[in-house]
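All values below come from the heavy atoms of this structure, side chains included, with hydrogens, waters and symmetry mates left out. Lettering of chains follows the sequences in order, A, B, ..., and the numbering in each one begins at 1.
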Amino acid sequence: MLGLDYIRKNADHVRECAQHKGENPAVVDEVLRVDEAWRAAQTEAESRREQQNRLSKEFGKTRDEALLPSMRELAASVKERMAAADELKGELDRLLLLVPNVYDPSVPLGETEDDNVVIRHWGDKPQFAFEPRPHHELAVALGMLDLERAARVSGARFAFLLGAGARLQRALIDFFLDLHTSEHGYTEVNPPYLVNSASMVGTANLPKFAEDAFRVEGYDLWLVPTAEVPVTNLHREEILEASALPLRYVAFSPCFRSEAGSAGKDTRGYIRQHQFEKVELVKVTTPETSMEEFEGLTADAERALQRLGLHYRVKAMCTADMGFAQYKKYDLEAWAPGVERWLEVSSCSVFNDFQARRANLRYRPGPGEPPRFAHTINGSGLALLRTWTALVETYQQADGSVRIPDILRPFMRGLNQIGPPA
RNA sequence: GGGGAGGUGGCUGAGUGGUCGAAAGCGCUCGCCUGCUAAGCGAGUAGGGGGUGUGAAACUCCCUCGAGGGUUCGAAUCCCUCCCUUCCCGCCA
């Protein structure tokens with residue numbers, strides 16, 4: 001969330017940002033209205049409390065029982081005023097969680113996803129001497145992927161990876177974790193896959209996006225929609241030493257998303273699932289270094305695509321498509337020649353202190369200095385499902401087999417191709 | 001799941017109704033002292049919010065001793081519920 005003080009002083013800017021993000025700017029005015037009412041109630045309640053504290057101390061010394069009736073009355077009045085102020089504060093806190101983050105001046109203004117800006121490409125579209133096939137034909141024929149049985153076992157938008165297909169995914173996970181830990185300085189984390197509501201609020205998945213996540217019935221637990229949630233919350237409620245920053249974590253996890261509103265789009269094949277696996281990069285930094293660390297994290301994710309030899313592009317997300325909590329966001333899209341589409345394999349975001357405020361994640365700039373909110377950054381490095389898909393389609397061969405790129409062979413026990421189909 | 005013990009500041013740890021946002025120690029910061037270092041001496045050192053008010057300040061009040069509720073003029077301290085930690089038993093991968 002944004003700081004209350006920031007909203008008070010920059011209401012116009014916050015409203016404008018909300019507008020361009022496609023959010024309702026009226027929430028800003030509600031915040032200001034409730035804030036004013038809360039402060040009035042707070043001041044009133046506190047001045048009575050002060051009086052009560054004073055008299056109570058007095059009574060402790062004198063034990064003058066004649067004071068008791070009026071003190072009882074005062075106590076009741078304080079209780080009443082405090083309750084009124086608390087109620088307003090509760091309302092204010094609830095509203096603050098609904099104010100979207102502002103964005104960086106470099107973010108392109110836009111109204112739809114068509115206004116996102118491609119800022120760079122890497123590699124070229126692979127050329128084929130034959131008609132490349134879509135993964136949901138190719139991989140199914142190779143026995144690597146089974147969507148039909150998954151529908152029977154779980155439902156639509158679930159998948160089985162089988163045999164070399166499962167092995168290929170495991171190889172990719174290993175490759176990503178190795179790359180980011182040994183070459184990019186991230187610490188490997190194996191996080192919980194169920195998190196409580198407070199953690200979901202911390203990363204801004206709650207309260208606004210509850211319908212996108214799966215909740216465990218009977219418990220205050222949610223299936224993680226991304227490892228971003230547990231890992232960003234790893235140091236929630238802590239004051240970190242400045243010397244410990246930046247923290248760099250890499251975590252593998254499955255990700256569970258209901259995304260109830262998105263039915264009909266991307267639901268064909270193995271592109272959008274209720275469960276997918278992902279290697280996630282998370283950084284916690286100081287405000288001074290966050291933009292630089294954000295660019296660095298994006299470059300780290302790109303390196304994974306480069307090593308795999310996948311043609312990709314980087315898009316700067318426009319205001320309308322960047323999301324509620326993000327301060328700036330890049331999407332990495334890999335080219336999938338079979339379905340002839342760009343597939344989003346990573347989304348890298350910097351949040352400034354938006355998540356850190358929600359999670360009360362702070363650091364101390366120096367000895368004796370007051371704590372400040374940290375900045376948080378995350379991005380996929382990479383999402384397995386779509387990387388797997390782009391890889392299979394890119395490295396397919398005329399006979400229906402899939403070549404394993406050199407970089408992955410050590411992770412596949414030297415296997416150099418999958419198939420051809422029997 | 002059953003039973004016991006416990007959750008206090010950056011850390012360790014006192015504190016069973018008012019003089020306690022909290023002893024003591026460690027750590028840290030500043031100063032003094034000593035060829036340097038170490039040791040020693042002195043001072044300071046939790047977080048959040050409101051008001052007045054400035055370029056930061058300063059002053060002042062309120063809240064916070066796991067969370068929430070209750071008793072009381074007054075709660076770290078008494079009562080209730082919940083969460084977490086830990087030990088023993090059960091169960092289990």
Side-chain angles (χ1 to χ4, degrees), chain A residues 1-10 31-97 99 190-202 206 215-216 218-222 230 233-245 247 254 284 286-288 353 355-374:
Chain A
M1 61 188 161
L2 297 172
L4 186 51
D5 197 51
Y6 180 85
I7 298 175
R8 285 176 194 144
K9 289 176 178 156
N10 303 279
V31 165
L32 294 175
R33 180 177 56 76
V34 177
D35 175 42
E36 203 166 318
W38 165 64
R39 280 192 286 175
Q42 165 94 335
T43 303
E44 170 67 20
E46 282 187 358
S47 76
R48 289 193 186 231
R49 171 71 99 184
E50 184 194 350
Q51 194 185 354
Q52 186 193 22
N53 286 345
R54 202 153 23 82
L55 289 176
S56 199
K57 234 168 223 176
E58 191 67 29
F59 180 84
K61 287 181 196 145
T62 65
R63 308 282 167 162
D64 179 359
E65 305 221 341
L67 289 172
L68 277 178
S70 69
M71 290 176 72
R72 288 202 183 98
E73 204 173 304
L74 183 58
S77 144
V78 165
K79 201 170 186 177
E80 194 179 299
R81 306 283 172 152
M82 284 290 182
D86 285 350
E87 189 172 326
L88 286 164
K89 184 59 161 61
E91 173 69 1
L92 182 59
D93 289 343
R94 192 187 65 78
L95 287 167
L96 279 173
L97 293 177
V99 178
N190 193 177
Y193 302 152
L194 294 172
V195 294
N196 58 29
S197 295
S199 294
M200 291 286 277
V201 169
L206 289 179
R215 184 169 194 176
V216 181
Y219 296 86
D220 178 30
L221 288 172
W222 302 75
N233 280 282
L234 179 58
H235 298 287
R236 176 148 58 83
E237 310 286 341
E238 290 184 29
I239 301 173
L240 302 165
E241 293 300 326
S243 59
L245 302 180
L247 295 172
V284 178
T286 62
E288 288 73 23
D353 63 8
Q355 290 181 323
R357 282 179 185 277
R358 291 170 163 251
N360 199 22
L361 169 52
R362 296 175 292 173
Y363 75 99
R364 199 177 295 282
E369 291 185 57
R372 299 170 72 193
F373 289 108

For [N], what is the paired nucleotide under Watson-Crick or G-U wobble rules, both distances under 3.5 Å?
N     : answer
B/U85 : B/A5
B/U52 : B/A58
B/A46 : B/U64
B/G10 : B/C26
B/G17 : none
B/C41 : B/G31

[atom1]-based separation of [M] from [N] [nearest Å]:
N     : M     : atom1 : result
B/U81 : B/G27 : C1'   : 38 Å
B/G69 : B/G55 : P     : 40 Å
B/G18 : B/G13 : C1'   : 24 Å
B/C79 : B/G17 : C1'   : 14 Å
B/C41 : B/G50 : P     : 42 Å
B/A22 : B/G47 : P     : 13 Å
B/C80 : B/U72 : C1'   : 16 Å
B/C33 : B/G42 : P     : 15 Å

Residues forming a salt bridge (charged side-chain N to carboxylate O under 4.0 Å, His left out) with [X], sequence neighbours excluded:
X      : result
A/D5   : A/R8, A/K9
A/R364 : none
A/K79  : none
A/R372 : A/E288

Tell me which of A/E241 and A/E50 sits closer to the 5' end of RNA chain B, going by the nucleotide each one is nearest to.
-> A/E241
Between A/K89 and A/M82, the residue closer to the 5' end of RNA chain B by nearest nucleotide is A/K89
Checking all strands, does [X] fall into the base, sugar-phosphate, or nothing category for heavy-atom contacts under 4.0 angstrom?
X      : result
A/R63  : base
A/L55  : nothing
A/R357 : nothing

Residues which pass side-chain contact (heavy atoms from CB on, under 4.5 Å) with [X], listed by chain and number, not counting sequence neighbours:
X     : result
A/E80 : none
A/V34 : A/L88, A/E91, A/L92, A/L95
A/F59 : A/L68, A/M71

Chain A on RNA chain B: first and last contacting nucleotide, 5' to 3', under 4.0 Å to a heavy atom?
-> B/G18 to B/G74
Should A/P287 and A/Y363 count as side-chain neighbours, where that means a heavy-atom distance under 4.5 Å?
->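 Side chain of A/P287 against side chain of A/Y363, heavy atoms only: contact under 4.5 Å found.
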Donor + acceptor pair across side chains of A/Q42, A/R39 (<3.5 Å) = no
Residues within residues 69-76 of chain A bordering RNA chain B, heavy-atom distance below 4.0 Å |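 Contacting residues: A/M71, A/R72, A/A75.
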Under a 4.0 Å N-O cut-off, is there an ion pair linking A/R54 with A/E58?
->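 Looking at A/R54 and A/E58, the cut-off is not met.
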